[in-house]
Amino acid sequence: MAVMDSQSQPAQAGLVARFKARLGPLGGTSDASVTRRLAGLIFLIRVVSAGLAYISQILLARWMGGADYGVYVYVWTWVLLLGSMLDFGLGTSAQKLIPEYRTRGAQAHLRGFLSGSRWLTFAASSVAALLLAGLVHLLSPWIDAREITPLMIGCATLPAFVVANTQDGIARSHDWMTLGLMPQFIIRQGLIIAFTAGLFVLGFALGATAAMLASAAAVWIAMAGQFVVLNRRLDRHVEAGPNAYDIGGWLAVSLPILLVEGFYLLLSYTDVLVLQQFRPSEEVGVYFAVVKTLALVSFIHYAMSATTAHRFAEYHAQGDKARLSAYVAHAISWTFWPSLAATLVLLALGKPLLFLFGPQFTAGYDIMFIAAIGLVVRAAIGPVERLLNMLGQQRACALAYASAFAINLVLCIALVPRFGGHGAAAATSLSLSFETVLLFWIVKQRLGLHVLAIGGRR
């Protein structure tokens with residue numbers, strides 16, 4: 001940490017210096033202090049978002065009933081999964097490409113990426129949405145009739161969801177965390193609550209179709225507002241000039257990252273999707289309530305990943321190995337210990353939190369303990385998947401995630417039919433633990449870093 005805290009620390013005196021000293025880790029101008037502040041901001045946004053999402057899920061569960069809520073959860077899970085993959089990894093690779101373009105002074109390529117990446121992902125996701133809608137139509141004789149219309153609405157939601165992910169990556173690469181995250185995690189959630197509450201108050205039957213319509217409208221409105229504001233800010237921040245579009249170069253960086261993101265998302269959502277195939281919709285709803293309750297733990301990991309990724313790329317591009325090593329250690333520590341504390345708090349309050357969804361949801365309380373194991377183990381190595389992606393080790397990271405996903409799928413298929421939500425949670429925790437061990441070994445072998453919150457580093 002001394003390496004990081006010695007960087008860009010201005011000499012200060014008098015009252016201002018004493019005041020900043022009292023602020024401790026939050027008041028400095030070093031990279032560590034900036035990271036903590038930005039991670040704290042991201043975490044705060046995600047916590048507020050979690051509160052809004054929690055409120056919306058509670059209201060939807062009570063207004064819709066168990067069966068319709070289970071259908072909505074199933075369709076929305078597909079939107080989250082596909083929407084996060086159809087940007088070809090450009091949302092994440094933006095945090096590698098933008099710092100590299102700035103470091104090299106490649107302004108034309110920077111301008112080309114800032115505009116071209118969004119139009120590329122919008123076009124590709126629109127084509128994919130049409131193809132998926134056609135697939136739903138072809139398979140409609142074999143799909144539950146209650147799921148067909150919500151699935152069609154989910155397809156229409158995908159282009160806006162994908163562009164929002166890309167814009168999020170661009171904003172975070174400039175340290176505009178509020179602009180990157182607020183539209184997706186605060187505005188969108190607030191609009192979903194407002195729209196569904198409006199339908200309920202007006203007396204409309206709030207089934208899965210109505211809930212998906214409200215969610216689709218919220219996604220499109222939030223993305224459009226973010227698009228306008230981001231363009232205005234980029235106009236002030238990036239000097240005007242010609243654009244250069246290195247689409248082949250973008251995809252060469254992004255597609256391996258897409259493999260990583262894709263397998264990670266499959267790993268994240270396999271439990272819900274498999275559960276839907278073997279168990280009643282009501283049980284899917286209970287399990288999803290458990291996942292939402294534990295989401296606070298994963299938000300800490302997300303906050304550090306979102307804050308650190310572009311700095312990993314920047315320090316690597318500069319060849320500053322000492323600064324990179326110290327920054328990695330800092331990121332791991334500030335991921336694990338808050339995650340452990342949050343897990344203990346959530347487990348202590350789990351039953352009353354689940355009761356908010358409805359009395360029947362408390363049946364999932366013991367599932368929380370099983371699911372929490374994987375989250376804590378995963379937090380012990382911090383955001384190392386972003387480290388690998390930013391340092392050119394995307395393929396090794398993708399292999400680790402692919403292996404973990406395969407294990408998770410096999411375990412879910414083996415355990416879910418007999419044990420339901422308990423089996424899904426056990427399968428996910430075991431696969432996350434395997435993934436953690438494998439990522440630790442890859443970083444140790446390829447980068448020479450000991451990426452564990454407990455133990456020495458070299």
query = Do any N or O atoms from the side chain of R378 and from the backbone of G382 form a donor-acceptor pair under 3.5 angstrom?
reply = yes
ask   = Do Q226 and R188 come close enough that some side-chain heavy atom pair is under 4.5 Å?
value = no
ask   = Considering only heavy atoms from C-beta outward, does the side chain of V136 approach that of E147 to under 4.5 Å?
value = no
inquiry  = Check whether R172 reaches the backbone of T92 with its side chain - one donor and one acceptor, N or O, closer than 3.5 Å.
reply    = no
side-chain contact (heavy atoms from CB on, under 4.5 Å) between W76 and V79, intermediate numbers included = CA-CA 5 Å; W76 187 245; V79 172; 4.0 Å; yes
note = Smallest heavy-atom separation, T196 atom then A214 atom, equals CG2-CB, 3.7 Å
ask   = Do side-chain atoms of S431 reach the backbone of T428 as a donor and acceptor pair under 3.5 angstrom?
value = yes
Nearest-0.5 Å distance, CG of residue L432 to CG of residue N408 = 7.5 Å
ask   = Should the ring pair W176 and H174 be called parallel, tilted or perpendicular, given that the plane angle runs from 0 to 90° and is split at 30 and 60?
value = parallel
message = Test side-chain contact (heavy atoms from CB on, under 4.5 Å) on I381 and V443; report intermediate values, then the result.
response = CA-CA 10 Å; I381 59 172; V443 175; over 6 Å; no
Test item: W78 and L81 side chains (from C-beta on) under 4.5 Å apart, heavy atoms = yes
message = Would you say that M223 contacts F161 through its side chain, given a criterion of any heavy-atom pair below 4.5 Å between the two side chains?
response = no
ask   = CG of L213 to OG of S215: how many Å apart, nearest 0.5 Å?
value = 9.0 Å
note = So CG of L387 and CD of Q393: to nearest 0.5 Å the spacing works out to 9.0 Å
task = Please round to the nearest 0.5 Å and tell me the distance separating atom CG of L230 and atom CG of L234.
result = 4.5 Å
query = Which atom names give the shortest non-hydrogen contact between F88 and A124, and what distance separates them?
reply = CE1-CB, 3.2 Å
request  = Specify the closest pair of heavy atoms between L294 and A371, including all atoms of both residues, with the distance to one decimal.
outcome  = CD1-CB, 3.6 Å
inquiry  = For P242, is there any backbone N or O sitting under 3.5 Å from a side-chain donor or acceptor partner on R111?
reply    = yes
inquiry  = Measuring only between side-chain heavy atoms, which start at C-beta, is K96 closer than 4.5 Å to S254?
reply    = no
CG on L353 to CG on L347, rounded to 0.5 Å = 10.5 Å
Audit row: Y69, F288, side-chain contact (heavy atoms from CB on, under 4.5 Å) steps and yes/no = CA-CA 10 Å; Y69 179 68; F288 193 73; 3.5 Å; yes
task = Compare every heavy atom of A400 with every heavy atom of L438, then report the nearest pair and how far apart it is.
result = CD2-CA, 3.5 Å
ask   = Is a side-chain N or O of S333 found less than 3.5 angstrom from the main chain of A329, in a donor-acceptor match?
value = no
note = T121 and S125 have their tightest heavy-atom pair at O-OG, 2.7 Å
message = Return the CG to CG distance between L139 and L135, rounded to the nearest 0.5 Å.
response = 4.5 Å
key: Intermediate values then yes/no, side-chain contact (heavy atoms from CB on, under 4.5 Å), Y72 and T209   = CA-CA 8 Å; Y72 171 77; T209 298; over 6 Å; no
ask   = Is there side-chain contact between F440 and V437, with heavy atoms separated by less than 4.5 Å?
value = no
request  = Determine the interplanar angle of the W220 and F122 rings, folded into 0 to 90°, and report it as parallel if under 30°, tilted if 30 to 60°, perpendicular if over 60°.
outcome  = perpendicular
task = For the residue pair S93 and W250, establish whether any side-chain heavy-atom pair is separated by less than 4.5 Å.
result = no
ask   = Is there a donor-acceptor pair under 3.5 Å between the side chain of D271 and the backbone N or O of A427?
value = no
ask   = Considering only heavy atoms from C-beta outward, does the side chain of V291 approach that of Y287 to under 4.5 Å?
value = yes
request  = Check P150 against M212 and note the closest heavy-atom contact, atom names and distance.
outcome  = CB-CG, 3.9 Å
ask   = More than 12 foreign heavy atoms under 6.0 Å from CZ of R395: is that the case here?
value = no
